[in-house]
Amino acid sequence: MRILIKGGRLVNEGRVFDGNIIIEDGNVIEITKQQPEASFDETIDASGCYVLPGVIDDHVHFREPGLTAKADIDSESCAAAAGGVTSYFDMPNCVPQTTTIEALEEKYELAAKKSHVNYAFFYGATNDNVDTFSKLDAHRIPGVKLFMGSSTGNMLVDRQETLERIFKNCKMPLMAHCEDTDIINRNMAKAQEAWGEDPPVSLHAMIRSEEACLTSTQKAVALAKKYGTQLHVAHISTAEELELFSACRDTVATKITAEACVGHLFFTQLDQERLGSRIKVNPSIKTPVDQFMLREALTDGRISVVGTDHAPHLLEQKEGGCAKAASGMPMIQFSLVTMLELVDQRVLSIDRMVELMSHNPARLFGVEHRGFLRPDYRADIVIVRPKSPWKVTKETILSKCGWSPMEGHEYQWKVERTLCNGQTVYANGIVNADILGEAITFNHS
Ligand SMILES: [Zn+2]
């Protein structure tokens, strides 16, 4: 099967240029300036569009197994395909938790049958599974996920001695959720004294405070420095934490890196009035100043990766205040178009966006043969059209939970087509659910 993508504007490795891509057997085999004369089984006309490497989302919660009323691998990988995301790394706080080799294997078996884009699964650290790290197949998993603050799923690791052992023994990327539980509990107790059992959601950022984030992130960075661990801190949400990361755009040379999530880059506390608990996430969405500083850090290199923390809940589970409403929101279907909106607003350049969403996740986690438009790499490609307005409605949402904080939002960019391993998995509003993704492989050198 030979495919030609012609006439598009390619964005790859810091360059934006007009070019054509030739695909054979699921791989890119050539990128040419001149349109080739040869005949092809399929020709895709990308005139007027931008052609990017497929997005690699390093942070999703697809809820399978065990929490499939909220979401599952089938539904959420369809949403990913529609959003231009061709690869994802899924987190371990499902049921059972992915904290044993058996649970990890089960997820790979499920995904092989149900995932419509490429997949990989994090292994979860607990207070007592450090001894199993050495048995993990590093070629198949992106890394170990550590909750250094109680988030949903009860996987909190907070014993100092255990943390030291985890940082010492993790020989692959360690991705950490950093929020200090003691500070959060203290703030919550104070709020409950004043407001009762379920304080209003407007207090979420006061309870899950800047101090809680900074204290925990400081601790993680100090441990990583002590043991030489490759640390990737998830969803940075405050200006203060950014000071802990170096403004270095070489993600391979930097052992301590940070992820920003689309929700924290797009929303601020001011949106809470309109959207309430729909945008309640952990860590909380903070002030416009924090958002401004996060956006600045996208370009100077203190942020290395943009992910989604795609975390669907049923709408009824999002009801209530700080104690009752579930934290997390679906985002994967709209992450790329949201970031393209920030490109239009000149927050960052389109080539830097591609670096943050495709190249750097590949570099940082050692993804093999993906994340770039390069000969001999898998043909994971997204074609996006600018100046093509459309509105998010309930009908456009593919996530199983059926709602989105972006409902009613009008985008100017549209994902026109997504190719995964050279096959069109999404085009013109339709997912081809006959297509299955591949297990991603890694080289953690
Ligand atoms: Zn998460």
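Along the sequence shown, residues are numbered consecutively beginning with 1. Worth knowing before you read on, the calculation uses all heavy atoms, side chains too, and leaves out hydrogens, waters and symmetry mates. Order of appearance sets the numbers: ligands from 1, and atoms from 1 within every ligand.
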CD of Glu197: more than 12 outside heavy atoms within 6.0 angstrom?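 Open.
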
After noting the C-alpha distance and the side-chain angles of Ser237 and Lys286, does the key distance pass the side chain to side chain donor-acceptor pair (under 3.5 Å) rule? CA-CA 7 Å; Ser237 64; Lys286 300 200 171 60; 2.7 Å; yes

Distance-only donor-acceptor check, side chains Thr217 and Glu241, under 3.5 Å: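 Side-chain D/A pair, Thr217 to Glu241: present.
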
Contact check: His61 to the Zn ion (ligand 1), N/O/S below 2.8 Å: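 Under 2.8 Å: His61 contacts the Zn ion (ligand 1) through an N, O or S atom.
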
Specify whether an N/O/S atom of His177 falls short of 2.8 Å from the Zn ion (ligand 1).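 For His177, the answer is no, given that no N, O or S atom comes within less than 2.8 Å of the Zn ion (ligand 1).
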
Would you name the N/O/S atom of Asp309 that lies closest to the Zn ion (ligand 1)?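 Asp309's closest N, O or S atom to the Zn ion (ligand 1) is named OD1.
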
Are the aromatic ring centres of Phe365 and Phe89 under 6.0 angstrom apart?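 Yes, ring centres under 6.0 Å apart.
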
